[in-house]
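Both backbone and side-chain heavy atoms feed into the values below; hydrogens, waters and symmetry mates do not. One-based numbering along the sequence shown.
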Amino acid sequence: MSYRSSGISPATSLTSGSEGELVQVRIATEPRCLEELLECLASLSFPINPQLYHGVPTTVEFPAYQNRLAEVRNGLRAHSFDPDSMRVSSMIEAISAA
């Protein structure tokens, strides 16, 4: 039996789907803006299951597919949040760091 590399690592293929690679999104906000940020995320066209880390700043993390990131940025902009406050990392990196 021979093996031919497809150029995609096994880890990447496990976190990729029809909407691109699954990534970890992190958005930091002031605690007083948390409710508005959660309302912003709830208005997106796909479900978000955020993990909250309370502090100053408060951090909201959630997985999303790469093809949905523009929608998240546009939603942030529409709710007067800075789209550059969003940090994206590989899901494999996020899991490894945990």
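No donor-acceptor distance shorter than 3.5 angstrom exists from the side chain of Arg32 to the backbone of Thr29, with no hydrogens or angles considered.
Between Glu35 atom CD and Thr58 atom OG1 the span is 12.5 Å, to the nearest 0.5 Å. Atom CZ of residue Phe62 and atom CD of residue Gln51 lie 12.5 Å apart, to the nearest 0.5 angstrom. Between the CD atom in Gln66 and the CE atom in Met91 there is a gap of 11.5 Å [rounded to 0.5 Å]. To the nearest 0.5 angstrom, Thr59 atom OG1 is 10.0 Å from Ile27 atom CD1.
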Could you go through the side chain to side chain contact (heavy atoms under 4.5 Å, CB included) check for Ser90 and Gln24 one step at a time? CA-CA 6 Å; Ser90 159; Gln24 181 77 9; over 6 Å; no
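The minimum heavy-atom distance linking Gly20 with Asn67 is given by the pair N-ND2, 3.9 Å. Taking both residues in full, the closest heavy atoms of Leu34 and His54 are given as CD2-CE1, 3.7 Å, listed atom of the first, atom of the second, then distance. Closest heavy-atom contact between Ala64 and Val25: CB-CG2, 4.0 Å.
Applying the salt bridge (charged side-chain N to carboxylate O under 4.0 Å, His left out) test to pairs two or more places apart or on separate chains, those with a residue in residues 47-67 are Arg26-Glu61.
Pro31 is listed as a side-chain neighbour of Val56, based on a closest heavy-atom distance under 4.5 Å.
Clustering ILVMFWY residues whenever any of their side-chain heavy atoms sit less than 4.5 angstrom apart, transitively, puts Leu52 in the very cluster that holds Leu76.
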Give every donor-acceptor pair under 3.5 Å between a side-chain atom in residues 37-49 and any protein atom, sequence neighbours left out.
residue : atom : partner : partner atom : Å
Ser43   : OG   : Cys40   : O            : 2.6
Ser45   : OG   : Arg68   : NH1          : 3.0
Ser45   : OG   : Glu71   : OE1          : 3.0
Ser45   : OG   : Glu71   : OE2          : 2.9

